[in-house]
Amino acid sequence: MKYVYAFEEGKKEMKNLLGGKGANLAEMTNIGLPVPRGFTITTEACTKYYEDNKTITKEMEDEIFSKLEELENKTNKKMGDINNPLLVSVRSGSRASMPGMMDTVLNLGLNDEVVEGFAKATNNPRFAYDSYRRFIQMFSDVVKGYPKASFERFFDKIKEEKNVKNDLELTAEDMKEVAEKFKLNYKELSKEEFPQNPKQQLMEAIKAVFRSWMNERAIVYRRLNDIPSDWGTAVNIQEMVYGNRGNDCGTGVAFTRNPSTGEKKLYGEYLINAQGEDVVAGIRTPEPISKLESEMPEVYNEFVKIANLLENHYKDMQDMEFTIENNKLFMLQTRNGKRTAQAALRVAVELVKENMITKEEALMKVEPKQLDQLLHPNFDVESLKNAKIIANGLAASPGAAAGKIYFTAEDVVDAAKTEKNVLLVRLETSPEDIEGMNSCKGILTVRGGMTSHAAVVARGMGKCCVCGCGELKIDEENKTLTTKDNKVYKEGDYLSLDGSTGNVYGELVKTVDPEISGDFKEFMSWADEVKTLKIRTNADTPKDAKKALEFGAEGIGLCRTEHMFFEADRIFAVRQMIVAETLEQREKALEKILPMQRNDFEELFKTMKGFPVTIRYLDPPLHEFLPHTKEEIEELSKELSLTYDDLKSRIDSLHEFNPMMGHRGCRLAVTYPEIAKMQTQAVIEAAINVNKEGMNVIPEIMIPLVGELKELKYVKDVVVKTADEIIKNSNVNLEYKVGTMIEIPRAALLADEIAKEAEFFSFGTNDLTQMTYGFSRDDAAKFLNEYYSKNIFEFDPFQRLDQNGVGQLVKMAVEKGKLTRPNIKLGICGEHGGEPSSVEFCHNIGLNYVSCSPFRVPIARLAAAQAKLKELK
Ligand code: PEP
Ligand code: MG
């Protein structure tokens with residue numbers, strides 16, 4: 001087994017083994033770009049490290065040292081050599097980029113003696129000691145986990161003593177003093193001297209990078225981005241080049257196109273006399289890349305040439321890191337750049353127009369999940385007119401967000417449990433804030449540029465973000481934000497953020513849904529040309545259905561009829577039906593419900609313009625529908641001419657210990673067939689009415705929560721008898737279908753029998769997941785977090801279909817269903833129908849359609865197209 005590869009031995013196709021960073025460093029090396037030399041320890045080495053109980057075997061260590069020796073020979077430098085030391089960076093790099101989630105150590109190889117030699121050799125003692133103090137701090141943080149702040153306080157103190165603001169004003173002696181203080185701090189914390197042996201430093205750093213794969217923030221990031229934990233991270237060891245060596249040095253990051261808008265123009269920023277982390281950390285404000293043209297024209301021109309070359313080579317927008325050492329340019333990284341959805345579409349469409357890629361390749365370049373961003377709210381133009389801008393920062397990630405402000409990630413997570421709209425306000429964010437960033441609607445930071453952590457992560461999440469808003473003063477301790485004109489905003493106050501302009505408003509501004517056009521339409525039409533899976537929507541109202549049609553839905557896969565009764569005046573009728581004790585009482589309630597239902601269905605059929613509509617019969621989990629408050633019970637008792645106490649005891653008698661497995665679904669129709677009768681009358685009469693107006697609706701009636709053929713047959717008989725009688729009396733021809741949901745494991749097991757009666761199956765994977773795992777849908781969130789942090793689960797099975805378990809039931813039911821009824825129509829309508837990996841699964845097992853909420857229809861369309869393209873590959 002080979003665990004270590006020199007850059008010369010790798011290539012871009014080896015991403016799985018070398019990680020993204022390693023594979024691309026190898027590729028750049030091999031196409032002749034200026035890359036500092038180095039080697040990569042593979043992702044498999046990381047997996048092996050974990051298999052071996054977090055140890056590096058002697059063989060692996062030998063392999064690392066032998067590659068190190070090769071590197072020493074290539075560079076003519078030696079680790080630990082006082083006169084000519086090799087110093088290296090140690091960086092993580094997994095298959096999928098996980099910005100800022102794992103660890104990096106720079107300037108490794110320095111010790112008390114080497115730093116002196118280094119100062120002499122470079123003739124730059126300030127630089128040498130600056131590098132040493134940075135190394136001590138990074139090593140302590142990454143390898144030992146000592147807080148950065150415990151080091152920074154010494155640094156701040158010296159700056160204060162010397163009365164300087166900027167790090168650059170500190171002298172060589174100052175830096176030496178800082179390094180000494182850092183070492184003492186290290187000793188105090190670890191009770192050991194700072195390690196002086198460079199090879200020991202190296203091995204410790206490599207292990208720390210491996211360990212960082214399992215840090216809390218990396219685990220959360222992987223869960224949010226569907227990255228499996230067994231991928232592991234590679235480690236890149238690379239000769240250091242220095243951007244902090246003087247004024248002919250610098251470092252920066254740049255994109256070949258604008259990652260916010262997609263505009264084809266070099267975009268980025270750099271800092272003179274600085275090391276990489278200074279740019280990202282937002283300690284000094286970087287200059288726009290265009291300024292480099294006048295400052296260092298030759299370097300700039302070379303960089304532009306390389307940027308173009310890389311974009312052509314990778315056929316995608318590149319995100320590059322570079323360092324300039326004494327006027328010489330070095331490339332430290334290139335990767336396909338993270339971008340907003342808007343930019344992703346524009347880049348994909350323009351790359352096709354520039355003949356760089358095909359439409360099919362373009363389709364594979366956009367993350368389906370990302371499309372969500374495009375569909376997120378903007379500010380209502382009218383409300384915005386009157387809103388007052390209190391500050392302006394960088395427009396880091398588009399969209400609009402308005403809500404109550406909170407100052408720590410934990411507070412946001414807490415507040416989001418009860419508040420719908422919560423904003424995270426921070427001085428700057430760090431990877432520890434990831435959960436808060438995920439739970440909020442928008443992010444505002446006071447410090448940091450367009451490539452700061454907040455900006456990069458928010459863009460990836462598709463979350464509105466305004467960053468670097470330096471005119472606001474934040475007091476993190478007292479949780480306040482103060483504007484230029486001294487207005488103070490406290491925790492819980494309202495702000496609104498515009499991630500497309502950088503404006504911050506000091507009040508709650510109304511937001512509205514976005515409009516879709518241009519690149520989106522064109523791009524999505526390519527997806528529709530390719531995909532074979534149909535995309536339907538889960539919609540209960542004409543409004544939802546209309547939205548879904550705009551987003552490209554090709555039918556309704558699930559209309560939850562009980563949801564048509566959520567409004568106050570309607571839920572009353574349903575409650576009346578539920579608590580009815582006699583047939584007479586129930587029929588009285590159903591009489592009220594019938595016209596509402598019929599009318600709703602007519603509207604729905606009309607809205608859907610002939611696309612198929614699946615109507616699911618009532619499935620109200622009783623606990624969601626029974627009256628709870630005293631007032632509600634009182635009101636209902638009057639209507640039913642019952643005393644309060646009588647009604648209360650009736651309600652109590654309906655109490656269920658486990659309502660999710662209670663008297664719901666078809667069980668209700670079995671007990672009270674008059675409910676199914678009423679619903680059939682409403683569906684059939686509505687269809688007849690609209691067909692008389694020239695439509696051609698074939699309603700699909702869906703019976704929920706079936707686990708037994710006879711149960712389905714009993715309800716179906718009621719439906720067919722009622723429907724056929726109405727059709728006969730109406731003297732029109734109406735076709736209709738009766739099918740079932742497969743959402744109980746028993747129904748999946750006996751799908752061949754069920755298919756004798758069911759003309760279609762729709763997989764209700766919400767209940768199927770609940771019942772296969774035995775996890776309550778309503779309560780699982782309470783313990784799933786423990787499952788993630790203990791690495792038992794990597795994702796929420798209620799969001800992403802568990803293909804191994806639940807998926808196996810679905811697959812089996814498909815096969816069995818087809819045995820009985822080869823042309824049986826198959827779909828899915830659980831939440832999973834809008835989740836890309838689940839959509840791919842549905843495509844692969846041969847479903848006809850997936851059905852998902854309106855806003856996820858575009859995601860499903862693209863995921864379906866990608867699934868087809870993968871199949872054709
Ligand atoms: C399901 O169980 O997957 C389903 C779609 O039905 P509901 O969510 O209404 O139970
Ligand atoms: Mg269900």
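Indexing begins at 1, ligand by ligand and atom by atom, following the structure's order.
- Here is the list of ligand 1 atoms found below 4.0 Å of a heavy atom in L558: 5 (C).
- Applying the 6.0 Å contact sphere to NZ of K592 captures more than 12 heavy atoms from other residues, nucleotides or ligands.
- Counting heavy atoms from C-beta outward, L734 and I684 have side chains that approach closer than 4.5 Å.
- In R664, the part holding a heavy atom less than 4.0 Å from any atom of ligand 1 is the side chain.
- For the ring-ring contact (aromatic ring centres under 6.0 Å, His included) with F793, the qualifying choice from Y788, Y787, F798 is Y787, the only one to do so.
- Under 4.0 angstrom from ligand 1, the non-hydrogen atoms of M741 all belong to its side chain.
- At distances below 3.5 Å, not a single donor-acceptor pair connects side-chain atoms of E674 with backbone N or O atoms of E587.
- Nearest protein neighbour of atom 9 (O) of ligand 1, counting heavy atoms only, is R560 NE, 2.7 Å.
- Between Q597 and the options E602, Q679, Q681, a side chain to side chain contact (heavy atoms under 4.5 Å, CB included) holds for only Q679.
- Contact annotation: D767 places an N, O or S atom under 2.8 Å from the Mg ion (ligand 2).
- Counting only non-hydrogen atoms, the option in E562, H832, E743, R616 that gets closest to atom 2 (O) of ligand 1 is E743.
- Per-residue contacts place D767 under 4.0 angstrom from the following atoms of ligand 1 (heavy atoms of the residue considered): 1 (C), 2 (O), 3 (O), 10 (O).
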